[in-house]
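To start, the structure under review is shown below, and the notes come after it.
Counting starts at 1 for both ligands and their atoms, in listed order.
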Amino acid sequence: MKVLVPIKRVVDFNVKIRVRADGSGVDLANVKMSMNPFDEIAVEEAIRLREAGTAEEIIAVSIGPQKTQETIRTALAMGADRGIFISCDDELEPLGVARLLKCVVEAESPELVILGKQAIDNDCNQTGQMLAALLGWPQGTFASRLELDGGKARVTREVDGGLQTVILKMPCIVTSDLRLNEPRYASLPNIMKAKKKPLEEKPAADYGVDIAPRLKVLKTQEPAAREAGEIVANAAELVEKLQNEAGVI
Ligand code: AMP
């Protein structure tokens, strides 16, 4: 069984985001970039399936500018078998990404596609759902547990107020939530080995699909600065302040 794992290169989750002075977006100059954390979880899950003997091949695919190849190499160092790099310098929306991924799915025929539930840069949480719709495949989103058995995927989903279990007929789409697993670090020998793993490259334009943006960002702004806290002497003073200063009780 082949597993396809789409991964996105995003601003590292530890970086304090700076908004460009003209409000046109986030400043990416000299900013550390990494694999989207939910995608690391997706890669880890695919590797565990291969280790369990369920999956045979793991393909990591990413769409973005040239440096995106580094992120694919990270997935290869974690344990993916080969990479597909779709070069594209323009910022893509989830529909454009899903259309390109659909082409990759049609070319590779995986039984399972594991995406992150959302990219932490745009927080869209749309690509997996759109890909499932474009392919007409079942989807199990926000997975905290995945079990494969006899052509079926049993996905435990994190929903408001609890867990929901769905059974999907494969081929299917799964999107990873935080508690699905804890991704491994790539070891130095595996980082070296990853340099030799196959990484195919193709420009996005060669897929012949419409990836034009549908949205226009009007403005990006920093959240309002938080006011400093205050230490109170006792509960009575806290209640007094909440009543008379904050006016919340
Ligand atoms: P989003 O819908 O943008 O929040 O992204 C959800 C998931 O779609 C990510 O966690 C990735 O698995 C996948 N994805 C989004 N953008 C890309 C991209 N440029 N290349 C590959 N996969 C992507």
Q: Write down the atom of Val43, the atom of Ile7, and the distance for their closest heavy-atom approach.
A: CG2-CG2, 3.8 Å

Q | Proximity to ligand 1 by part of Val97, non-hydrogen separation under 4.0 Å | A | side chain

Q: Heavy-atom distances under 4.0 Å are what count here, so tell me which part of Asp39 touches ligand 1: side chain, backbone, both or neither.
A: side chain

Q.
I'd like to check which ligand 1 atoms, numbered from 1 as shown, lie under 4.0 Å from a non-hydrogen atom of Cys124.
A. 1 (P), 2 (O), 3 (O), 4 (O)

Q: Below 4.0 angstrom from a heavy atom of Ala119, which ligand 1 atoms are there? Numbered from 1 as shown, please.
A: 1 (P), 3 (O), 4 (O), 5 (O), 6 (C)

Q. So does Asp81 pair up with Lys197, basic N to acidic O under 4.0 Å?
A. no

Q: Please confirm whether Leu92 comes under 4.0 Å of ligand 1, counting heavy atoms of the residue only.
A: no

Q. Does Ser62 have a heavy atom less than 4.0 Å from any atom of ligand 1?
A. yes

Q) So which heavy atom in the protein is nearest atom 1 (P) of ligand 1, and how far is it from that ligand atom? A) Thr127 OG1, 3.4 Å

(Q) So if I count the atoms of ligand 1 from 1 in the order they appear, which ones are less than 4.0 Å from some heavy atom of Asn122? (A) 3 (O), 4 (O)

Q) At under 4.0 Å between heavy atoms, which part of Val61 makes contact with ligand 1: side chain, backbone, both or neither? A) backbone

Q.
Taking the six-membered ring of Tyr207 as reference, does the cationic atom of Lys202 (NZ for Lys, CZ for Arg) lie under 6.0 Å from its centre and within 45° of its axis?
A. yes

Q: Look at Glu56 together with Lys2 and state whether they make a salt bridge at an N to O cut-off of under 4.0 Å.
A: no

Q) For ligand 1, which atoms have a heavy atom of Asn125 less than 4.0 angstrom away? A) 1 (P), 2 (O), 4 (O)

**Q.** Side chain, backbone, both or neither: Ile7 near ligand 1, heavy atoms under 4.0 Å
**A.** backbone

Q: Considering heavy atoms of the protein only, find what lies nearest to atom 12 (O) of ligand 1 and give residue, atom and distance to 0.1 Å.
A: Pro6 O, 2.8 Å

Q) Using 4.0 Å as the upper bound for N to carboxylate O, is an ion pair formed by Asp121 and Lys8? A) yes

Q. Looking only at side chains, do Asn125 and Gln129 share a donor and an acceptor under 3.5 Å apart?
A. yes

Q: Quick one: look at Ile63 and ligand 1, take heavy-atom pairs under 4.0 Å, and tell me if it's side chain, backbone, both or neither.
A: both

Q. When you check the gap from the basic side-chain N to the acidic O, do Arg9 and Glu70 get nearer than 4.0 Å?
A. yes

(Q) Would you say that more than 12 heavy atoms from the other residues, nucleotides or ligands in this model lie under 6.0 Å from the CD of Glu182, or not? (A) no

Q. Considering all heavy atoms of both residues, which atom of Thr175 and which atom of Gly116 are nearest to each other, and what is their separation?
A. CB-O, 3.8 Å

Q | N/O separation below 3.5 Å, Leu115 to ligand 1 | A | no

Q) Where is the tightest heavy-atom contact between Leu146 and Leu180, given as atom of each residue plus distance? A) N-CD1, 3.9 Å

Q. For atom 6 (C) of ligand 1, which protein heavy atom lies nearest, and how many Å away is it?
A. Gly116 O, 3.5 Å

